[in-house]
Amino acid sequence: QVQLVESGGGLVQAGGSLRLSCAASGRTSDRYSMGWFRQAPGKEREFVATINWSGSVTNYAHFLKGRFTISRDNANNTVHLQMNTLKPEDTAVYYCAASTWLLGGWQETAYDYWGPGTQVTVSS
């Protein structure tokens with residue numbers, strides 16, 4: 001079992017930045033790829049980014065256009081999502097998730113563990 005807890009969400013103006021973190025505890029000795037997803041009000045949860053165990057491979061949702069960067073610090077069992085040039089449409093609850101696949105990818109079903117989420121609100 002792995003427990004995930006997100007932090008770093010909050011209220012920011014359009015054009016600003018936030019850095020989300022996801023702390024893992026429990027069975028962290030296993031090699032998980034990690035992903036970030038988000039769910040806006042009234043919408044389905046959608047894929048944002050994923051990273052493999054070593055951090056050498058990343059993949060992003062096409063709509064991000066280079067604004068977000070996923071990274072990980074395995075020594076501290078933490079995954080980050082740096083979000084720049086934020087837009088009001090980025091407002092959502094952001095979730096991190098862990099997958100036993102080499103790279104979790106965009107499908108939610110590939111992920112075994114989920115955090116409770118952190119709210120990000122971008123004002124115009």
Query - Stepwise side chain to side chain contact (heavy atoms under 4.5 Å, CB included) test for Trp36 and Leu20 - result: CA-CA 10 Å; Trp36 284 97; Leu20 304 183; 3.7 Å; yes
Requested in this report: Walk me through it: do Ser71 and His80 pass the test side-chain hydrogen bond (donor to acceptor under 3.5 Å, both in side chains)?
Outcome: CA-CA 5 Å; Ser71 62; His80 302 286; 5.4 Å; no
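The two residues Gly55 and Arg72 have their closest heavy-atom pair at N-CD, 4.1 Å. Looking at every heavy atom in both residues, Leu4 comes nearest to Pro116 through O-CD, 3.3 Å. In terms of heavy-atom proximity, Ser99 sits nearest to Ala110 at OG-O, 2.6 Å. Shortest non-hydrogen contact noted between Met34 and Cys22 is CE-SG, 4.2 Å. When all heavy atoms are compared, the tightest approach of Leu18 to Leu86 is N-CD1, 3.8 Å.
Panel note: side chain Asp73, backbone Ala75; a donor-acceptor pair is recorded below 3.5 Å. With Gln39 contributing its side chain and Glu44 its backbone, the two residues share no donor-acceptor pair below 3.5 Å.
Applying the side chain to side chain donor-acceptor pair (under 3.5 Å) test to pairs two or more places apart or on separate chains, those with a residue in residues 115-124 are Gln119-Thr121. Residue pairs meeting the salt bridge (charged side-chain N to carboxylate O under 4.0 Å, His left out) criterion with at least one partner in residues 92-102, sequence neighbours excluded, do not occur; the list is empty. Residue pairs meeting the salt bridge (charged side-chain N to carboxylate O under 4.0 Å, His left out) criterion with at least one member in residues 111-124, sequence neighbours excluded, do not occur. Screening residues 76-97 for salt bridge (charged side-chain N to carboxylate O under 4.0 Å, His left out) gives Arg38-Asp90, Arg67-Asp90 as the qualifying pairs, with residues at least two apart or on separate chains. Listed by first then second residue, pairs satisfying salt bridge (charged side-chain N to carboxylate O under 4.0 Å, His left out) with a partner in residues 16-27 read Arg27-Asp30, not counting sequence neighbours.
Residues Trp53 and Asn74 meet the side-chain proximity criterion, which asks for heavy atoms closer than 4.5 Å. No side-chain heavy atom of Phe68 sits under 4.5 Å from any side-chain heavy atom of Gln82. Residues Tyr113 and Gln3 fail the side-chain proximity criterion, which asks for heavy atoms closer than 4.5 Å.
Taking a 4.5 Å side-chain heavy-atom cut-off between Ile, Leu, Val, Met, Phe, Trp and Tyr, the cluster of Trp101 contains only that residue.
A search for side-chain hydrogen bond (donor to acceptor under 3.5 Å, both in side chains) contacts involving Thr91 returns nothing, not counting sequence neighbours. The ring-ring contact (aromatic ring centres under 6.0 Å, His included) test applied to Tyr94 returns no partner, not counting sequence neighbours. Thr50 meets the side-chain hydrogen bond (donor to acceptor under 3.5 Å, both in side chains) test with Tyr111; sequence neighbours excluded. With sequence neighbours excluded, no residue forms a salt bridge (Lys or Arg N to Asp or Glu O under 4.0 Å) with Arg31. Remark: Phe47 pairs with Phe37 by the ring-ring contact (aromatic ring centres under 6.0 Å, His included) rule, at least two apart or across chains.
Separation of atoms OG (Ser17) and CG (Asn84) is listed at 4.0 Å; rounding is to 0.5 Å.
The number of heavy-atom neighbours closer than 6.0 Å to CH2 of Trp106, taken from other residues, nucleotides and ligands shown, is 12 or below. Taking a 6.0 Å sphere around CG of Leu102, one finds it holds 12 or fewer heavy atoms contributed by other residues, nucleotides or ligands.
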Identify each donor-acceptor pair in which a side-chain atom of residues 56-64 lies under 3.5 Å from a protein atom, sequence neighbours left out, and give them as a table.
{"residue": "Ser56", "atom": "OG", "partner": "Asn52", "partner atom": "ND2", "Å": "3.1"}
{"residue": "Ser56", "atom": "OG", "partner": "Ser54", "partner atom": "OG", "Å": "2.8"}
{"residue": "Tyr60", "atom": "OH", "partner": "Ile70", "partner atom": "N", "Å": "2.9"}

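No single ILVMFWY cluster, assembled from side-chain heavy atoms under 4.5 Å apart, contains both Val2 and Tyr95.
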